[in-house]
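So the structure is just underneath, and the comments pick up after that.
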Amino acid sequence: GNQWGYGKDDGPSAWNKNYPIADGDRQSPIDILPHQARHDPNLGPIVLNYDRCTSINIANNGHSVVVEFEDSDDRSVIQGGPLDNPYRLKQFHFHWGGKGCHGSEHTVEGNSYASELHLVHWNAVKFKTFGDAASTPDGLAVLGIFLETGDEHRWLHMITDALYTVKFKGSVTDFKGFNPKCLLPSSLHYWTYLGSLTTPPLHESVIWIVVKEPMIVSEKQLGKFRTLVFTGEEEDERTRMENNFRPPQLLKGRTVRSSN
Ligand SMILES: CCN[C@H]1CN(CCOC)S(=O)(=O)c2sc(S(N)(=O)=O)cc21
Ligand SMILES: [Zn+2]
C-alpha cells in the first residue's frame, strides 16, 4: 500500500505525492490564534456520555498507539457544541515529540505542546459505517487535548503501563475497562473549526474540537511513549516512535470559533 511515515523521505512534506488532498483547502492541524477566533455564544458546551464505553484493545499501528472502542451502538458518544448529532467514540491515540522537544499537532500562537491526544468519533446517524463517515465531510468529530509536562497524571499510568505490550508495529493486546473520561482536563472550553485527518488519507471529514486547557503529565510518563518503535518485530532496525506529528497547515480563509 501507500507507505507513509514521519521520516525525511516519507514524512508530511512528501504526503502530497500519494495524497494530493494534502494541499487542500481544509487541512489539519492548524495554528490557533485565540484573539482571531470568533467567540460564538450559540456554541453550547461539549457533552461526553462515556459512562458505558467499552474499550477493546490497545495497538501499535506503526504510526501511533491506538485504543479501540466498541461502536456498534450509542454507548459512548460526544454531542453538543458544534455537533448536530451524537458522534460515537471509535478510538483514541496520541502524537508526541522527541525528548525535550514538542510534539502536538495543533499549535496556539505558534506554541506547541509536548503531545496531543485525539479522541475520534463518527456520525452513526448519517453514516452506515465508520469508513463512510471517515471519508465524507463532517463524518468525524475529533476531540483534541493538549498534553503539557509537569506533575504525574494520576490515571495515565493505565495507558503507559500497557505500552510495553505493543512496542512493535502490528502488535495488539486486550485493553478492557478503560474510560478515557479520566484523561480530560477540568474545563472543556474549546476552539472548533472544519478540518481533516492529520495523517493519510488526510480526508477533509473532521469537525475539530480542540480543548483549551491541557492535561498535565510527567516527563517520565511521556518518555514511556518513546519506548514504542515504528518498525515491526521482524524488521532489523528499531526506529523509536517519536515526532509522529504533522506541522500546522494553511488556514485558507477558515474561521476558528471559540466556546466561552
Ligand atoms: C494512521 C491512520 N490514522 C487515521 C486512521 N483513520 C482514517 C481512516 O480510517 C478508515 S481514523 O479515522 O481512525 C484517523 S483519525 C486521525 S487524526 N490524527 O486526524 O485524529 C487519523 C486517522
Ligand atoms: Zn491524531
Side-chain angles (χ1 to χ4, degrees), residues 1-7 10-12 14-15 18-19 21-22 24 26-30 32 55-71 76 78 87-97 102-107 112-124 126-147 159 166 169-172 180 183 190-211 215 225 228-232 241-249:
N2 291 319
Q3 277 320 304
W4 61 271
Y6 292 95
D10 63 0
W15 291 352
N18 291 322
Y19 304 93
I21 193 82
R26 56 172 281 185
Q27 289 290 296
S28 293
I30 59 169
I32 296 168
S55 64
I56 301 168
N57 60 37
I58 187 167
N60 176 333
N61 62 12
H63 307 289
S64 181
V65 56
V66 188
V67 173
E68 293 267 345
F69 287 81
E70 177 57 56
D71 64 343
S76 38
I78 185 174
Y87 283 62
R88 280 184 193 167
L89 177 64
K90 170 75 178 162
Q91 57 105 313
F92 70 77
H93 62 273
F94 297 82
H95 302 263
W96 60 90
H102 288 144
S104 66
E105 299 213 294
H106 290 90
T107 56
S112 54
Y113 286 87
S115 171
E116 189 169 331
L117 161 62
H118 289 157
L119 292 136
V120 182
H121 309 76
W122 62 286
N123 186 335
K126 275 180 64 180
F127 300 96
K128 274 177 58 184
T129 67
F130 171 72
D132 288 349
S135 52
T136 311
D138 310 343
L140 299 183
V142 182
L143 188 65
I145 315 275
F146 293 119
L147 278 70
I159 304 266
V166 287
K169 171 181 174 183
S171 43
V172 189
L183 299 177
Y190 60 89
W191 295 289
T192 184
Y193 75 97
L194 299 181
S196 72
L197 301 175
T198 65
T199 69
L202 298 170
H203 294 319
E204 296 187 331
S205 59
V206 183
I207 296 173
W208 276 97
I209 300 167
V210 180
V211 173
M215 56 187 278
F225 284 88
L228 300 173
V229 293
F230 283 118
T231 43
M241 187 178 277
E242 58 185 19
N243 298 310
N244 55 350
F245 62 90
R246 187 191 195 189
Q249 303 301 303

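Order of listing sets the numbers, starting from 1, for every ligand and every atom in it.
Contacts between Trp122 and ligand 1, counted as non-hydrogen atom pairs separated by less than 4.0 Å, are absent for every part of the residue. Here Thr198 has heavy atoms under 4.0 Å from ligand 1 in both its backbone and its side chain. Contact annotation: for His203 versus ligand 1, there are no heavy atoms closer than 4.0 Å.
Atom 5 (C) of ligand 1 lies below 4.0 Å from none of the non-hydrogen atoms of the protein.
Heavy-atom proximity to His93, at under 4.0 Å, picks out these atoms of ligand 1: 16 (C), 17 (S), 18 (N), 20 (O). Heavy-atom contacts of His95 reach the following atoms of ligand 1: 18 (N) (cutoff under 4.0 Å). Residue-ligand proximity, Phe130 to ligand 1, at heavy-atom distances under 4.0 Å covers atoms 9 (O), 10 (C), 11 (S), 12 (O), 13 (O). For ligand 1 and Leu140, the ligand atoms under 4.0 Å from any heavy atom of the residue are 12 (O).
On a distance-only criterion, Thr199 and ligand 1 share at least one N/O pair closer than 3.5 Å. The shortest N or O to N or O distance between Gln91 and ligand 1 is below 3.5 Å. Between Trp208 and ligand 1, no N or O atom pair is found at a separation short of 3.5 Å.
Nearest approach of Lys169 to Asn61, heavy atoms of both residues: CG-C, 4.2 Å. Closest approach of His121 to Tyr87, counting heavy atoms only: CB-CB, 3.5 Å. Heavy atoms only, all atoms of each residue included: Asn244 and His95 are closest at O-ND1, 2.8 Å.
With the Zn ion (ligand 2) as vertex, His93 NE2 and His118 ND1 subtend 110°, rounded to 10°.
Protein heavy atom in closest approach to atom 14 (C) of ligand 1: Leu197 CD2, 3.8 Å.
Taken from CZ in Arg26 to OH in Tyr193, the straight-line distance is 9.5 Å, to the nearest 0.5 Å.
Relative ring orientation between Phe92 and Phe69 is described as tilted, the plane-to-plane angle lying within the 30° to 60° band. Classification of the Trp96-Phe225 ring pair by plane angle, with boundaries at 30° and 60°, yields tilted.
At least one heavy atom of Trp4 sits closer than 4.0 Å to an atom of ligand 1.
Partner of Val65 under the side-chain contact (heavy atoms from CB on, under 4.5 Å) criterion, chosen from Leu228, Asn60, Ile159: Leu228.
Between Lys90 and Asp71, at least one side-chain N (NZ, or NE/NH1/NH2) sits under 4.0 Å from a carboxylate O, which counts as a salt bridge.
Side-chain contact between Gln3 and Asp10: absent, with no pair of heavy atoms (C-beta onward) separated by less than 4.5 Å.
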